[in-house]
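Scroll down for the structure; my scribbles are underneath it.
By convention here, the first residue in the shown sequence is residue 1. What you see is a predicted model; the values in this text were computed from it and never measured.
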Amino acid sequence: MLLKNLTHKINGLILNISWTIVFKTMVNLILPVGCAGCDLPDCVLCDDCTSMFKEWHKDPLISVMCGNIYSCSTYVGFVRKSLLCWKDHSNQLLDKPFSYLVSQLIIKVISDYKNSYESNCKNTDENIIENLIIVPIPSSSKSQRKRGRKHMDPIAKYVSKNLKEYGINARVVKAIKMGKIKVKSVQVKGSRGRSLRTTKGFLVDTRIVPKGCKVILLDDIITTGSTMKNCVEALKDCGITVFACFAIAGVWSKESVLYGL
């Protein structure tokens with residue numbers, strides 16, 4: 001019986017392996033490395049493509065402390081190509097560059113917020129940004145199986161490390177999980193339909209969230225913004241404060257604001 005159960009588990013693990021991801025990883029190891037955006041040889045992300053991820057954007061989001069939602073760039077051109085290479089072609093070499101770029105934006109936002117708060121508050125000894133936790137927004141189980149990994153987890157890990165090196169104490173807490181969702185977001189018509197779907201789909205594990213913490217939400221791409229907003233609402237319903245929301249890129253409209261350096 002024990003041998004039968006062990007054999008069954010091994011077979012299950014083999015079936016769950018994404019052989020597409022295995023093949024892509026082998027190809028990435030064999031072929032020469034080129035820029036994920038423009039294919040320039042001998043680099044992971046060239047200087048020109050890296051600079052495109054420094055065209056920071058923000059849109060208003062009144063339900064978070066700093067009042068905005070941010071991304072490093074707009075999801076077009078070489079930025080889009082780089083992100084697809086990272087997400088769908090399992091180019092894990094981009095984990096660190098993307099994490100560093102997001103970290104720079106987070107540090108800038110925190111610094112600006114602290115300066116603004118201290119200039120308007122007599123008690124400058126109070127650290128308004130303390131007890132920070134980084135919460136990556138999860139993907140569906142289907143997406144994880146397709147990509148062979150939880151692609152936002154290493155981003156969150158490296159962002160935490162980068163912030164600590166800068167003197168900002170922030171640790172990763174995977175507090176949000178996706179519940180069972182019967183329909184895909186693309187099968188629901190309209191942004192309101194997608195919003196209702198995701199509201200019911202996100203679950204917050206309050207047991208692992210420290211009391212009095214402030215959350216930094218991390219995602220890969222902002223499209224309609226409904227995912228971020230619903231995660232914020234889910235956290236707020238549990239009494240958890242969200243400082244700000246960040247993404248590597250966003251599908252921004254003409255009304256979006258260029259944040260600038």
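- For the pair I221/K87, a side-chain contact is recorded, criterion being any heavy-atom separation below 4.5 Å from C-beta on.
- When all heavy atoms of V135 and A175 are compared, the closest pair comes out as CG1-N, 4.1 Å.
- Nearest heavy atoms, G37 versus K81: O-CD, 3.0 Å.
- Checked by atom type and distance alone, the side chain of N131 pairs as donor or acceptor with a backbone atom of K211 at under 3.5 Å.
- Closest heavy-atom contact between S160 and R171: OG-CA, 3.6 Å.
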Note to self: Could you go through L203 and M178, starting from their C-alpha distance and side-chain angles, then the distance that decides it, and tell me whether this counts as side chain to side chain contact (heavy atoms under 4.5 Å, CB included)?
What the structure shows: CA-CA 6 Å; L203 305 173; M178 292 195 80; over 6 Å; no
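- Under the 4.5 Å side-chain heavy-atom criterion for grouping Ile, Leu, Val, Met, Phe, Trp and Tyr, L84 is connected to V79 within one hydrophobic cluster.
- Separation of atoms SG (C46) and CG (D39) is listed at 9.5 Å; rounding is to 0.5 Å.
- In this structure, the side chains of L101 and T50 come closer than 4.5 Å at one or more pairs of heavy atoms.
- Under the 4.5 Å side-chain heavy-atom criterion for grouping Ile, Leu, Val, Met, Phe, Trp and Tyr, L40 is not connected to V44 through any hydrophobic cluster.
- Remark: I240 CD1 to K214 NZ distance equals 12.5 Å, nearest 0.5 Å.
- Using cut-offs of 30° and 60° on the angle between ring planes, the pair W86 and H151 is perpendicular.
- The shortest side-chain heavy-atom distance between M228 and I137 falls under the 4.5 Å cut-off.
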Next item on the list: For T223 and Y75, run side chain to side chain contact (heavy atoms under 4.5 Å, CB included): C-alpha distance rounded to whole Å, both residues' side-chain angles, the deciding distance at 0.1 Å, then the answer.
Entry: CA-CA 9 Å; T223 49; Y75 188 60; 6.0 Å; no
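- Both V173 and I176 are assigned to one and the same hydrophobic cluster, defined by single-linkage of ILVMFWY side chains at heavy-atom distances under 4.5 Å.
- Considering V242, L235, V215, T241 as possible partners of V64, the one that fulfils the side-chain contact (heavy atoms from CB on, under 4.5 Å) test is V242.
- Electrostatic pairing of K157 and D153 does not count as a salt bridge here, judged by no charged N lying under 4.0 Å from a carboxylate O.
- By the 30° and 60° cut-offs, the orientation of the rings of Y70 relative to F246 is parallel.
- Considering only heavy atoms from C-beta on, W56 comes within 4.5 Å of Q104 through its side chain.
- Shortest non-hydrogen contact noted between A247 and D220 is CB-O, 3.8 Å.
- In this structure, CE in M65 is found 3.5 Å from OH in Y113, a value given to the nearest 0.5 Å.
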Margin query: Pair L163, I134 - check side chain to side chain contact (heavy atoms under 4.5 Å, CB included), show working.
Written below: CA-CA 10 Å; L163 293 183; I134 298 168; 4.0 Å; yes
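- Atom CG of residue L61 and atom CG of residue L217 lie 9.5 Å apart, to the nearest 0.5 angstrom.
- Taken from NZ in K58 to OH in Y259, the straight-line distance is 6.0 Å, to the nearest 0.5 Å.
- Side-chain contact between P138 and K150 is absent, with no heavy atoms from C-beta onward closer than 4.5 Å.
- Between I216 and V159, the closest side-chain pair of non-hydrogen atoms is not below 4.5 Å.
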Check: What's the verdict on side chain to side chain contact (heavy atoms under 4.5 Å, CB included) for S139 and M152, showing C-alpha distance, side-chain angles and the deciding distance?
Finding: CA-CA 8 Å; S139 301; M152 285 307 299; 5.6 Å; no
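- Two different hydrophobic clusters hold Y158 and I248 under the rule that ILVMFWY side chains link at heavy-atom gaps under 4.5 Å.
- V257 approaches D59 most closely through the heavy-atom pair N-OD1, 3.8 Å.
- Taking 4.5 Å as the limit, some side-chain heavy atom of T74 sits within range of a side-chain heavy atom of H57.
- Screening C72, P97, S71 against V102 for a side-chain contact (heavy atoms from CB on, under 4.5 Å) leaves a single residue, C72.
- Closest of all the heavy-atom pairs between D95 and I155 is O-CD1, 3.4 Å.
- Side chains of L45 and F53 form a contact here, defined as non-hydrogen atoms less than 4.5 Å apart.
- Here the CD1-SG distance, from I222 to C245, works out to 7.5 Å after rounding to the nearest 0.5 Å.
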